[in-house]
Amino acid sequence: MLSPALVIAASLGYLLVLFAVAYWADRRGRQGRSVIANPWVYALSLAVYCTAWTYFGSVGRAATGGVWFLPIYLGPTLAMVLGWLVVRKMVRIAKAYRITSIADFIASRYGKSPLLAGLVTLIAVVGIVPYIALQLKAVSAGYALLTASGAGGVALPAVHWSQDSAFYVALVLAGFTMVFGARHLDTTERHEGMVAAIAFESVVKLVAFLSVGLFVVYGMFDGLGDLFARAQAVPALLQLLRLEQGGQFAWAQWFALTLLSMLSVVFLPRQFQVMVVENVRESHLRRAVWVFPLYLLLINLLVLPIALGGLLYFGGGAAVNAENFVLSLPLAAGQQALALFVFIGGLSAATGMVIVETIAVSTMVSNELVLPLLLRWRHLRSGAGQDLSRLLLGIRRAAILGVLVLGYVYFHLAGEAYALVSIGLISFAAVAQFAPVMLGGMYWKGGTRQGALAGLLVGFAMWAYTLMLPSIAKSGWLDAGFLAHGPWGVGWLRPEQLLGLMGLDGLTHSLFWSLLANIGVYIGLSLWRAPSGHEASQALLFVDVFKRTAVSSPVFWRGRARTSDLLQLCERFLGAAKAEALFAGYARQMGVRQADAIRPDARFVQFVETQLAGAVGSASARVLVASVAEEETLTPEDVLRILDETSQIRAYSRALEDKSRSLEQATADLREANNQLQSLDRLKDDFMSSVTHELRTPLTSIRALAELMQADEGMPAAQRQQFIGIIVAETERLTRLVNQVLDMAKIEAGHADWHVAAVDLRALVTQAVATTAEVFRERAAQVHVHLPAQVPTLQADPDRLMQVLLNLLSNAAKFVPQPGGEVVVSVQADAQGVTVSVQDNGPGIDPAQALLVFDRFHQGCDAARRPQGTGLGLPISRQIVEHFGGRLWLEPPPTPGPTPTQGPTQLLPPAPGACFSFWLPLQPPIAKETTPP
């Protein structure tokens, strides 16, 4: 037994930690460093699905039904893995149209109907208030167990509300929800603190539940093997490990529970709140798809071992409530600290659900029930009056308190009449009625407001008659006779055997009839009457949400409005500062300097209505806008006409975008051409400068020597002959330079003469080597030729190719050492072409100069050892080779190590010199720009 003061202090301490986490997250959000803009936080916030029902009720269900607690968690797993695309569409719709709740979602889809929004809200309140009572019951029972003598967990006598701990827990949770869930009016703005606190609570309850599970398995028993072996030795417990549970497998019940939980994880108001409204980015769903099912697996991993451990330890007697095994087992083993920690985990599971559910339901109550009634008061709808944003916030906070008080009243009156699991399943079946109109509205354009209203009404009535009334009768509030005999003694009206349907449990029976009636009436009435113009327009926006954007989406509104009236309306319900900021932002977006200059067209009216919808709901926002604007009623033909106009506008916009892209491309092409012209102009200047320099050098030499001979008539004949030889050599060099410059200019201008013929490259290489033999002999160098037996014939100009070969051999002869120079010429052929390589053992080329050797007038060595040359041989050679579709390149220097070089040089021995290679295709290209392999 723990002292009440200790339990209360620990509980308050935990709630203070929760306040601190929420305050820290809100502060970070205001600083622009959002905590909830994280996929892990989003995925953990979805675990608000695991409430006190999971924490306590699952163990109780496992103690009586064995593995039959699993369908409640298999459904959400399947929903996330298989149905995440549905959730993604819901998120996209909610973001596009500023949806605030599930009631707002349904009402907005069916023509923004206030009546439909109010009906959904009433169903949510009736279905969820018992679920909130379930959480209070779990906390109260846990507190009573910790502070009462013994560990039996028998129900304690009822106490006055002023002495009931659950009442004060409800008040604390109401305060927390008001502070962090109703701080601002626009509910589409993220509740940073609330979501962060829920994610934190998810971690706490998971760790606490796993702690007690591990203690039971390994602290009270010798592991899972020992635990299950003892359970199998007891016939009653052995039966819990089987699906049949003493008879045939109840597949209908298993399917019903799985389906019910699949629908609930999406359509419960709290799940819609955290999954859709609080979603920051759609991409977070990718993480949640596997993290949330993994969380469900972990928190349910030890449910059955705890249940079996409790039944083995306590003997399965009625004196011990199986739902409290997570607390009674540690207490019985003397682990009071663990029991307190587990209680905090249960408190965490309960408070998380209550906070989020209360925010969601109170938003619906204030927007869809209270506000429509207040709007009937002309003072609120007129243009006069003060800022109403504080009034609306006060209404929302009062709704939070009212919902929690209703939950406590239900708990206080009927809390002991039903088990936790039963209360939870009743709530699940209620919210399942939202599924047909939600899913139909997202994927079927034919759904109408009348069909949705009638379907929900009939489904809810069937739920109340076949499930809610029997639960009230079993609680002792009604005469249970009508369960056995039917009202007025009509047997086929028995609530649990309606129309003679027997063989199903109460939940499956109710789910079958309520969903069947709901779907049937919804589809039947929708097919019977065509949707109105406004319903059709909303259907198009919802069903085709992925095909629309903020700009291309059609605006289904016609009428007249004034900007000043719309601004005043926003100021009254959003606050003056926010309204002015919104209008100023819209003005900048439209290219208008002042908000007064905004043209109140249909898109602007839609903008105002959407902003109001984030604060008061889409149905109330529509009523407010209609109060200051003169709207024309749209027919289905008008909707089709607007849609056609929008399609034309979209087509025009697409054409303008194409033209804009074409203009941008043309501009880029012109810019590129201009850059090329500037580059060519610079190249021309560089070329002229280089040619002038190269011409000046031999001319200067010739002039200097001629002037010397002219001035010195008595110059010795030998010296005069030497000077004449130098003049002749410089003249030949000058001739070569002029010829090469002219040759290169003709090639680049496309005016060169090309005489294409069949070329035997093997014979051409042999001839080139023979032509340069005297040059190599003078330098005492050796030339090695590696020729294959046969080389395919090429189509090229033999004279031009000879020019290339002579240039490469001449360069090699200039740079080989003297004596000891070696040059290797090799030819290699393949299916694509022929490669010729010329390698010398000279000093080689600096890698930094490798890309410059093909530039005009550039020679790949330093000035100290630069031989005579024009620096045009390699550029001309490359132009010739590329003209025939080939490529000329400098091979990279060999890397040290045993790895052989690749390509045509693999036959050459490693050498420190330079190796130039060129490749020519067997078939000449059609165009000069053909790229060789």
Side-chain angles (χ1 to χ4, degrees), residues 1-2 6-7 10 14 44 47 50 52-70 72-73 77 138 141-142 145-146 150-153 201-242 291 293-317 319-349 420:
M1 173 181 173
L2 297 175
L6 176 62
V7 177
Y14 172 74
L44 287 174
C50 300
W53 178 9
T54 298
Y55 207 83
F56 300 106
S58 292
V59 176
R61 186 171 182 83
T64 57
V67 295
W68 276 81
F69 75 95
L70 287 176
I72 302 301
Y73 306 98
T77 301
L145 183 61
L146 285 179
E201 286 188 315
S202 297
V203 176
V204 171
K205 63 190 176 188
L206 177 62
V207 173
F209 197 85
L210 289 177
S211 298
V212 68
L214 293 173
F215 169 74
V216 171
V217 173
Y218 296 101
M220 302 183 69
F221 296 89
D222 293 331
L224 287 172
D226 175 53
L227 178 60
F228 280 98
R230 293 192 188 185
Q232 289 175 350
V234 180
L237 299 186
L238 179 61
Q239 191 64 36
L240 295 178
L241 303 178
R242 298 174 180 172
V291 172
L294 178 62
Y295 185 97
L296 295 179
L297 172 65
L298 292 176
I299 203 168
N300 287 283
L301 202 59
L302 299 175
V303 167
L304 190 58
I306 294 174
L308 294 176
L311 293 173
L312 287 171
Y313 188 87
F314 295 113
V320 179
N321 187 351
E323 292 177 345
N324 293 329
F325 277 171
V326 292
L327 293 175
S328 56
L329 283 171
L331 286 175
Q335 298 293 329
Q336 295 183 344
L338 177 61
L340 182 59
F341 177 54
V342 173
F343 172 75
I344 295 299
L347 178 65
S348 176
L420 298 180

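Since the structure is predicted, the reported quantities are computational estimates derived from the model, not experimental observations.
Distance check: L311 CG to L240 CG gives 6.5 Å after rounding to the nearest 0.5 Å. Between L327 atom CG and Q336 atom CD the span is 12.5 Å, to the nearest 0.5 Å. Summarising the geometry, atom CD1 belonging to I72 is positioned 9.0 Å from atom OG1 belonging to T54; distances are rounded to the nearest 0.5 Å. To the nearest 0.5 Å, the span separating CG on L338 from CG on L331 amounts to 9.0 Å.
Under the rule for a side chain to side chain donor-acceptor pair (under 3.5 Å), S202 has no partner lying at least two apart in sequence or in another chain. Evaluation of the side-chain contact (heavy atoms from CB on, under 4.5 Å) rule for A62 yields F69, V303, L304, A307 as partners, not counting sequence neighbours. Residues forming a side-chain contact (heavy atoms from CB on, under 4.5 Å) with L301 (at least two apart in sequence, or on another chain): L297. Y14 pairs by the side chain to side chain donor-acceptor pair (under 3.5 Å) definition with E201, S348, not counting sequence neighbours.
In terms of modelled atom types and a separation under 3.5 Å, the side chain of R230 and the main chain of L312 share no donor-acceptor contact. Under a 3.5 Å cut-off, the side chain of S58 and the backbone N or O of Y55 do not form any donor-acceptor pair. Remark: the backbone N or O of V342 is not paired with any side-chain donor or acceptor of K205 at under 3.5 angstrom.
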Trace of the side-chain hydrogen bond (donor to acceptor under 3.5 Å, both in side chains) decision for Y313 with S328: CA-CA 10 Å; Y313 188 87; S328 56; over 6 Å; no

Can you check side-chain contact (heavy atoms from CB on, under 4.5 Å) on L241 and Q232, steps first, answer last? CA-CA 9 Å; L241 303 178; Q232 289 175 350; 4.0 Å; yes

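Side-chain contact between N321 and L145: absent, with no pair of heavy atoms (C-beta onward) separated by less than 4.5 Å. Between F325 and F56 the shortest side-chain heavy-atom distance does not fall below 4.5 Å. Between Y73 and I299 there is no side-chain heavy-atom pair separated by less than 4.5 Å.
The shortest non-hydrogen separation linking L227 to P305 is CD2-O, 3.4 Å. Contact between A322 and A63 at its shortest, heavy atoms only, is CB-CB, 3.5 Å.
Remark: of the listed residues L296, L70, L294, L296 is the sole one forming a side-chain contact (heavy atoms from CB on, under 4.5 Å) with T77.
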Would you be so kind as to tabulate the donor-acceptor pairs closer than 3.5 Å made by side chains of residues 209-224, with sequence neighbours excluded?
| residue | atom | partner | partner atom | Å |
| --- | --- | --- | --- | --- |
| S211 | OG | V207 | O | 2.6 |

